[in-house]
Enquirer: 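Have a look at the structure that comes next, please.
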Amino acid sequence: EMNKGRSKQNPVNVLKLRKEFPNKSGIPLKRLKEFDDHLSDWADGPKGTWTRRQVILAIRFSIATGMRIGEVRSLQWNDTGVNNYVNTREKVAVLRNSKTATKKGTRYVPLLDSALTILNEINRHPFNKFIFASNKSNCAVTERSMRIAFNYAKTNLQLPDHVDCTITLYCTRHTFTDLMILYYGVELETIAQVLGHSDTKLLE
């Protein structure tokens with residue numbers, strides 16, 4: 001319309017996007033142990049199953065590594081040359097297929113003791129290549145089941161509404177960041193590299 005002279009300005013410029021989502025935050029660190037206890041309750045309750053145990057281990061692993069939910073779900077035990085996998089001997093997760101890796105090549109995430117402890121807790125599925133496996137053949141735990149478990153634990157914390165609404169399953173990375181900065185004093189540049197950011201701007 002502008003090119004044909006029927007409009008003097010682009011009408012898109014006057015549109016205002018509604019802010020659907022507030023700023024996200026991590027799980028309050030002082031209540032992280034309580035949150036973890038509620039995860040265990042969800043996995044071991046009346047409907048507890050082997051798969052539910054895998055689900056909460058996947059959530060804990062994301063908090064322990066800062067990896068995205070999709071990256072955690074895609075992890076496999078063995079290296080096929082094109083996949084995401086863990087090397088427990090070298091204490092590293094190798095991410096070839098991730099949001100960051102597609103632009104900048106393979107990303108390496110160090111596995112701290114907390115992450116290695118989680119891997120040691122896993123009862124490896126004999127017919128499933130995924131680390132956080134479901135009971136279906138060669139399928140990882142679903143994002144939906146991870147969200148259900150996460151929301152169960154968060155709801156039981158009974159946080160104020162203005163705090164509760166800022167915490168979602170994807171905030172496991174934020175919780176990892178809080179832990180690294182506030183508990184361990186890790187420098188922002190190092191955390192940005194682990195998370196896959198090119199600089200510290202987004203992290204700040």
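Sequential numbering from 1 along the given sequence is applied to the chain's residues.
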Enquirer: Rounded to the nearest 0.5 Å, what's the gap from CG on Leu169 to CD1 on Ile167? Could you check?
Expert: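 Reported value, rounded in 0.5 Å steps: 12.0 Å.
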Enquirer: According to ring pair (Phe, Tyr, Trp, His ring centres under 6.0 Å), who are the partners of Trp50, at least two apart in sequence or on a separate chain?
Expert: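 Listed in chain order: His125.
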Enquirer: Supply the atom-to-atom distance Ile63 CD1 to Leu179 CG, rounded to the nearest 0.5 angstrom.
Expert: 8.0 Å
Enquirer: Among side-chain atoms of Thr142 and Ser145, is any donor-acceptor pair under 3.5 angstrom?
Expert: yes
Enquirer: My understanding is that only residues two or more places apart in sequence, or in another chain, count here; which of them pass side chain to side chain contact (heavy atoms under 4.5 Å, CB included) with Arg89?
Expert: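 Per chain and number, Arg89 pairs via side chain to side chain contact (heavy atoms under 4.5 Å, CB included) with Asn87.
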Enquirer: Which heavy atom of Thr65 sits nearest a heavy atom of Ala115, and at what distance?
Expert: CG2-CB, 3.7 Å
Enquirer: Establish, from distance only, whether the side-chain atoms of Ser134 and Thr51 form a donor-acceptor pair under 3.5 Å.
Expert: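 Per modelled atom types, Ser134 and Thr51 side chains form no pair under 3.5 Å.
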Enquirer: Give a yes or no on this: more than 12 heavy atoms of other residues, nucleotides or ligands lie within 6.0 Å of atom CD of Glu204.
Expert: yes
Enquirer: State, without any angle test, whether Ser40 and Arg60 hold a side-chain donor-acceptor pair at a distance under 3.5 Å.
Expert: yes
Enquirer: Return the orientation label for the His38 and Tyr152 ring planes: parallel under 30°, perpendicular over 60°, tilted otherwise.
Expert: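 Rings of His38 and Tyr152: perpendicular, over 60°.
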Enquirer: Can you see whether Asp178 engages Thr175 through a side-chain donor-acceptor pair at a distance of less than 3.5 angstrom?
Expert: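 No, because no side-chain N or O of Asp178 sits under 3.5 Å from a partner of the opposite role on Thr175.
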Enquirer: Which pair of heavy atoms, one from Phe130 and one from Ala140, lies closest together, and at what distance?
Expert: CD1-N, 3.7 Å
Enquirer: Testing the basics here: between Ala153 and Phe35, what is the closest heavy-atom pair and its distance to 0.1 Å?
Expert: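 So the two residues come closest at CB-CE1, 3.4 Å.
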Enquirer: Is there a donor-acceptor pair closer than 3.5 Å between any side-chain N or O of Arg96 and the backbone N or O of Asn83?
Expert: yes
Enquirer: Within a reach of under 6.0 Å around CD of Glu34, are more than 12 heavy atoms found that belong to other residues, nucleotides or ligands?
Expert: yes
